[in-house]
Amino acid sequence: MKKRKEIAIYGKGGIGKSTTTSNISAALSDEGYTVMQIGCDPKSDSTNTLTNGKSIPTVLETLRNGRNVGLEDMIHEGFNGILCVEAGGPEPGVGCAGRGIITAVEFLKQKFVFEEYSPDVVLYDVLGDVVCGGFAMPIREGVASQVYTVSSADFMALYAANNLFKGIKKYSNNGGALFSGIIANSINLPIQKRILEDFSLQTKSTIAEFVPRSLTVTRSELGGKTTIESDPDSEQAGVYRKLAKHIIKNDNEYVPSPLEGDELKIWAESWSDKLLEQKETEHDLECVVPGAE
Ligand code: ADP
Ligand code: MG
């Protein structure tokens, strides 16, 4: 029997996890793999571009609303037969979002979701602003075997990536998931690439791929599709295909070295100084202001 590959993709909110994950799913499905994508963000929009921009019912709302619900009520086929699942969140104002992920993942496993659907690849798209409670579950309990993070060169994104590294390190002695690479997103300038390269050097981590910010992605999203589906011959689709090929082959799993205490802040300040010294173009400087798109 083929070994199933279970991968969790973390990153701060809005950084491009769902966009990147859906394009990886779409690219892998084109290669003939059976792919399941499980959205673990309470926002529940992970799989929208695989289902023509529509939202699918989430596991939690299906559990809340129905009796005798089965897997078929929660697993919705999207582009190329990709198996789309959204864990969902608690009712607004009630309960913890992280708890929702645990309930959803446990339910799917109790119902033998993988035995029923036999996916070759399972991608968990997980919000990573805080790696606590339910959000840490795919790492803590080794639900996934490999973890990637999507990060831009912005400080807050790197801060979230560094926190993820701390979470991985903490659970690594107890069967937790290990790290397999940074997916550097929205990288258009050499300086952004250099910041990411230096961050990976400092944290003893690897970079899976550099993905540019591209209007092709924006256009595809507005049409409710992945770039792989809507613009398969574009350069951007080529980047996603290369990334998907890397991920499917990559067996490198390790514990990264997060920057501890003030180290991250000191590192970031050193870049601020370097930017001043190097007198990069005005445009370059604008693009590394923390929080800027
Ligand atoms: P997350 O899932 O991390 O919250 P999304 O994948 O929803 O983030 O992305 C947030 C926004 O950024 C979306 O509108 C998406 O189209 C856009 N985006 C993400 N990556 C890119 C990219 N490489 N090029 C252009 N737009 C992007
Ligand atoms: Mg998302």
Side-chain angles (χ1 to χ4, degrees), residues 7-27 37-56 58-60 78-79 82 84-89 97-98 100-101 104 123-131 134-135 138 147-161 163-164 182-189 192-193 196 207-232 234-244 247 287 291-293:
I7 296 166
I9 300 188
Y10 279 78
K12 97 181 236 309
I15 206 63
K17 295 179 295 297
S18 302
T19 307
T20 312
T21 308
S22 300
N23 274 291
I24 295 169
S25 291
Q37 180 167 324
I38 305 183
C40 297
D41 186 326
K43 208 163 29 132
S44 309
D45 63 352
S46 173
T47 57
N48 282 14
T49 53
L50 296 170
T51 54
N52 287 315
K54 292 197 198 75
S55 297
I56 57 171
T58 70
V59 175
L60 286 189
F79 172 70
I82 293 169
C84 300
V85 186
E86 293 287 349
I101 297 176
L123 295 167
Y124 297 86
D125 170 2
V126 197
L127 183 64
D129 286 85
V130 278
V131 188
F135 297 111
V147 179
Y148 287 84
T149 185
V150 177
S151 180
S152 68
D154 290 342
F155 181 72
M156 290 318 292
L158 294 168
Y159 178 84
N163 273 345
L164 173 71
I182 300 171
I183 301 167
N185 191 35
S186 297
I187 306 297
N188 295 60
L189 301 165
Q192 295 168 325
K193 197 171 173 213
L196 251 314
I207 296 176
E209 189 58 70
F210 291 99
V211 180
R213 192 161 187 88
S214 149
L215 281 178
T216 313
V217 174
T218 315
R219 206 171 45 239
S220 310
E221 186 191 37
L222 292 174
K225 292 186 174 8
T226 60
T227 301
I228 294 285
E229 182 180 8
S230 78
D231 210 343
S234 62
E235 240 177 82
Q236 189 78 6
V239 174
Y240 287 130
R241 257 188 236 108
K242 189 164 164 240
L243 171 62
I247 285 180
C287 289
E293 277 295 326

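Ligands are counted one by one from 1 in listed order, and the atoms in each one are counted from 1 as well. Remember, predicted model here, so these are calculated numbers, not experimental data. Quick note: residue numbers are just sequence positions, from 1.
Per-residue contacts place Lys17 under 4.0 angstrom from the following atoms of ligand 1 (heavy atoms of the residue considered): 1 (P), 2 (O), 3 (O), 4 (O), 6 (O), 8 (O). Ligand 1 places these atoms under 4.0 Å from at least one heavy atom of Lys12: 3 (O). If you number the atoms of ligand 1 from 1 as listed, the ones under 4.0 Å from a heavy atom of Lys43 come out as 4 (O). Numbered from 1 in the order shown, with element, the atoms of ligand 1 that lie under 4.0 Å from a heavy atom of Gly16 read 1 (P), 3 (O), 5 (P), 6 (O), 8 (O), 9 (O), 19 (C). Below 4.0 Å from some heavy atom of Gly13 lie the following atoms of ligand 1, by number and element: 4 (O).
Side chains of Thr51 and Cys84 form a contact here, defined as non-hydrogen atoms less than 4.5 Å apart. The side-chain heavy atoms of Ile15 and Asn185, taken from C-beta on, include no pair separated by under 4.5 Å.
The shortest N or O to N or O distance between Thr19 and ligand 1 is below 3.5 Å. Distances between N or O atoms of Glu221 and those of ligand 1 include at least one value under 3.5 Å. The shortest N/O to N/O separation between Ser18 and ligand 1 falls below 3.5 Å. By the 3.5 Å distance cut-off applied to N or O atoms, Val211 is not counted among the residues near ligand 1.
Of all the heavy atoms of Asn185, the ones lying under 4.0 Å from any atom of ligand 1 belong exclusively to the side chain.
Considering Val126, Asp125, Val85 as possible partners of Cys40, the one that fulfils the side-chain contact (heavy atoms from CB on, under 4.5 Å) test is Val126.
Distances under 2.8 Å from the Mg ion (ligand 2) pick out the protein N/O/S atoms Ser18 OG.
Rounding to the nearest 0.5 angstrom, the gap separating the OG1 atom in Thr58 from the CG atom in Asp45 is 12.0 Å. Distance check, rounded to the nearest 0.5 Å: CZ of Phe79 to OG of Ser22 gives 11.5 Å.
Defined by atom type and a distance below 3.5 Å, a donor-acceptor pair is present between the side-chain atoms of Thr216 and Ser214. Between the side chains of Glu86 and Thr47, at least one donor-acceptor pair of N or O atoms lies under 3.5 Å. For the residue pair Ser186 / Ser152, no side-chain donor-acceptor distance below 3.5 Å is found, with atom types taken as modelled. Judged purely by distance below 3.5 Å, without hydrogens or angles, the side chains of Lys54 and Asn48 never pair a donor atom with an acceptor atom. Remark: the Gln236 side chain and the Thr227 side chain contain no N/O donor-acceptor pair separated by less than 3.5 Å. In summary, the side chains of Glu221 and Thr19 do not present any donor paired with an acceptor at a separation below 3.5 Å, with no hydrogens or angles considered.
The shell of residues lying under 4.0 angstrom from ligand 1, judged by heavy atoms, excludes Gly11. Using 4.0 Å as the threshold, Ser46 has no heavy atom nearer than that to any atom of ligand 1.
For atom 17 (C) of ligand 1, the choice among Arg213, Arg219, Gln236 with the nearest heavy atom turns out to be Arg213. Across Val126, Thr20, Val217, heavy-atom proximity to atom 26 (N) of ligand 1 is greatest for Val217.
The environment of CG in Leu222 is crowded: more than 12 heavy-atom neighbours from other residues, nucleotides or ligands sit within 6.0 Å.
When atom types are taken as modelled, the side chain of Asn188 and the backbone of Arg213 share a donor-acceptor pair closer than 3.5 angstrom.
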